[in-house]
J.: 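Sharing a structure with you now.
When a ligand or atom number is given, it counts from 1 through the structure's own listing order. Position 1 is the first residue of the sequence, and the numbers go up from there.
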Amino acid sequence: MELDLYFTPLQIQDELSLKDKTVIVVDVLRASTTISTALKNGARVIIPTASVENAVKYASTLEPGSFLLCGERGGKIIDGFDLGNSPLEYTEEKVKGKTLIYASTNGSVAITKTKYARYSIIGSFVNVSTVVKFAKENSDDILILCSGKFNRFCLEDAVCAGMIAFMLTKGKPKKKLKLSDSVTAAIKLYKFYGRNLLKMLQESEHGRFLTELGFEDDLKVCAEVDSIPVLPIYSDGVIKAV
Ligand SMILES: O=C(O)[C@H](CS(=O)(=O)O)OP(=O)(O)O
Ligand SMILES: [Mg+2]
């Protein structure tokens, strides 16, 4: 099993290079957590779009009432949309049976870049064991792809990616693993911050930004390890829970 890790989607030189890999897209704050929450609460499918314009265009092709327009810019709900990007908004009452068209700043963009992957799955702290189990059972080469923020490094994504890498490599003989420096670094970050993930989120740049916007409760949801054991898989343009 070859394991690699990108700290931002900018490292994807050619999307076709992902074709034989299982890609785990990590966006802890908040896309991966929100997507897992929505699927757990009965959303039918989630359609990630790389822009607000694409989201609105896609919506125009659907039966009114059958979908919700979801997403944020600058962390706040997009004008005219039904839901923003707080996982706490994605209640069963709101999302059950619905098609969610989803335009977040970083996560939905990163996900759409993995369309050629053998498998593209969405990982976060809330479903980490579910994701690792699938990755162990279903692939040779694995790429953990951090969404980051505006193609910049995000501590929370790197720590979660390190947790996934640690769980994937635990117990394997060191000499058999040819770990890239990014995997080694991310595992170290996880070992340093893993004991108090909520504190790490609160101290992170993104966590502080969300707290300033009044979303401090989202950090608690996003820090809850294995609280939402669903497996979101992105295939043929839609994300479904399997
Ligand atoms: O909604 C979020 O938390 C972020 C946008 S921002 O960094 O807060 O502006 O989007 P995501 O795509 O979930 O990283
Ligand atoms: Mg994010």
Side-chain angles (χ1 to χ4, degrees), residues 5-12 23-40 43 46-55 68-79 81-90 95 100-114 120-128 131 144-164 186 189 193 197-198 200-224 228 232 234 239:
L5 189 155
Y6 292 172
F7 286 120
T8 82
L10 267 187
Q11 291 180 260
I12 300 174
V23 180
I24 304 169
V25 184
V26 175
D27 188 330
V28 170
L29 296 174
R30 301 168 286 182
S32 296
T33 308
T34 297
I35 287 167
S36 297
T37 305
L39 292 171
K40 179 198 71 163
I46 300 171
I47 298 159
T49 66
S51 70
V52 176
E53 297 70 26
N54 287 357
L68 294 175
L69 269 169
C70 310
E72 55 60 48
R73 284 299 180 264
K76 293 183 198 153
I77 187 169
I78 295 164
D79 270 351
F81 275 36
D82 302 293
L83 297 175
N85 199 21
S86 165
L88 294 170
E89 296 175 73
Y90 288 68
V95 304
L100 306 187
I101 304 169
Y102 182 73
S104 81
T105 305
N106 310 291
S108 50
V109 176
I111 292 166
T112 57
K113 290 181 185 293
T114 65
S120 173
I121 58 182
I122 317 296
S124 56
F125 291 125
V126 299
N127 69 338
V128 65
V131 161
I144 308 172
L145 175 65
C146 296
S147 293
K149 178 169 181 170
F150 300 125
N151 284 319
R152 286 165 50 88
F153 176 90
C154 273
L155 178 63
E156 73 276 5
D157 291 346
V159 171
C160 186
M163 184 174 187
I164 292 169
L189 281 171
Y193 285 106
L197 294 174
L198 177 57
M200 179 275 293
L201 294 182
Q202 289 166 337
E203 290 173 0
S204 71
E205 200 180 324
H206 193 162
R208 297 196 312 268
F209 174 70
L210 289 172
T211 299
E212 278 160 29
L213 291 181
F215 292 114
E216 57 273 23
D217 289 344
D218 287 3
L219 306 188
K220 295 178 191 128
V221 174
C222 295
E224 287 294 320
I228 307 179
Y234 176 59
I239 304 168

J.: Is there a nitrogen or oxygen of Ser108 sitting under 3.5 Å from a nitrogen or oxygen of ligand 1?
T.: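 Ser108 vs ligand 1: no N/O contact under 3.5 Å.
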J.: I'd like to check which ligand 1 atoms, numbered from 1 as shown, lie under 4.0 Å from a non-hydrogen atom of Asn85.
T.: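 So the answer, numbered in order with elements, is 1 (O), 2 (C), 10 (O), 11 (P), 13 (O).
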J.: Counting only heavy atoms, tell me which of Pro48, Cys222, Gly75 gets closest to atom 9 (O) of ligand 1.
T.: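 Nearest option to atom 9 (O) of ligand 1, by heavy atoms: Gly75.
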J.: In the protein, what heavy atom is nearest to atom 8 (O) of ligand 1, and what distance, to one decimal place, separates them?
T.: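 Residue, atom and distance for the closest contact: His206 NE2, 3.1 Å.
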J.: Which atom names give the shortest non-hydrogen contact between Ser36 and Pro232, and what distance separates them?
T.: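 Result for this residue pair: OG-CG, 3.7 Å.
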J.: Got an N/O contact under 3.5 Å between Gly107 and ligand 1?
T.: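 For ligand 1, there is an N or O atom that lies under 3.5 Å from one belonging to Gly107.
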J.: So, Ser147 versus Asp157: side-chain donor-acceptor pair below 3.5 Å or not?
T.: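 Asp157 and Ser147 do not have a side-chain donor-acceptor pair below 3.5 Å.
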J.: Backbone or side chain, does any N or O of Phe209 fall under 3.5 Å from an N or O of ligand 1?
T.: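 In this structure, Phe209 places no N or O atom under 3.5 Å from an N or O of ligand 1.
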J.: With heavy atoms of Ala31 as the reference, note each atom of ligand 1 found under 4.0 Å away.
T.: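 Checking each atom against Ala31, I get 13 (O).
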J.: Nearest 0.5 angstrom please: Leu88 CG to Thr34 OG1, how far?
T.: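 Interatomic distance, Leu88 CG to Thr34 OG1, rounded to 0.5 Å: 8.5 Å.
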J.: Counting backbone and side-chain atoms alike, is an N, O or S atom of Leu29 positioned under 2.8 Å from the Mg ion (ligand 2)?
T.: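 An N, O or S atom of Leu29 is closer than 2.8 Å to the Mg ion (ligand 2), so yes.
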J.: Ser32 and side-chain contact (heavy atoms from CB on, under 4.5 Å): which single residue from Val128, Val131, Val126, Ile122 fits?
T.: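 When side-chain contact (heavy atoms from CB on, under 4.5 Å) is applied between Ser32 and each of Val128, Val131, Val126, Ile122, only Ile122 qualifies.
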J.: In this structure, does ligand 1 have an atom that sits under 4.0 Å from one of the heavy atoms of Gly74?
T.: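 Right, Gly74 reaches ligand 1.
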J.: Closer than 4.0 Å to some heavy atom of Ser104 - which atoms of ligand 1 meet that?
T.: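 Near Ser104, the atoms of ligand 1 are 11 (P), 12 (O).
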J.: Please report the shortest heavy-atom distance between Phe215 and Gly75, naming the atom on each side.
T.: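 Reported closest heavy-atom pair: CE1-O, 3.4 Å.
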J.: Measure Leu213 to ligand 1 on non-hydrogen atoms and call it side chain, backbone, both or neither using the 4.0 Å cut-off.
T.: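 Leu213 to ligand 1: no contact under 4.0 Å from either part.
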J.: Would Arg30 and Ser86 satisfy side chain to side chain contact (heavy atoms under 4.5 Å, CB included), going step by step from the backbone distance to the final call?
T.: CA-CA 7 Å; Arg30 301 168 286 182; Ser86 165; 3.9 Å; yes
J.: Applying a 4.0 Å heavy-atom criterion (strictly less than), which segment of Thr105 is in contact with ligand 1: side chain, backbone, both, or neither?
T.: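 Both parts.
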J.: Looking at CG of Leu210 and CG of Leu219, how far apart are the two atoms once the value is rounded to the nearest 0.5 Å?
T.: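 With rounding to 0.5 Å, CG (Leu210) is 6.0 Å from CG (Leu219).
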J.: Could you tell me the separation between the SG atom of Cys160 and the CG atom of Leu155, rounded to the nearest 0.5 Å?
T.: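 CG of Leu155 is found 11.5 Å from SG of Cys160.
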J.: Is Lys149 close to ligand 1, meaning an N/O of one under 3.5 Å from an N/O of the other?
T.: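 N/O-N/O distance below 3.5 Å exists for this pair.
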J.: By atom name, which N, O or S atom belonging to Asp27 lies closest to the Mg ion (ligand 2)?
T.: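 When I compare the N, O and S atoms of Asp27, OD1 is nearest to the Mg ion (ligand 2).
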J.: Suppose we measure from atom 5 (C) of ligand 1 to each protein heavy atom; which comes out shortest, and what is that distance?
T.: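 Protein heavy atom at minimum distance: Glu72 OE1, 3.2 Å.
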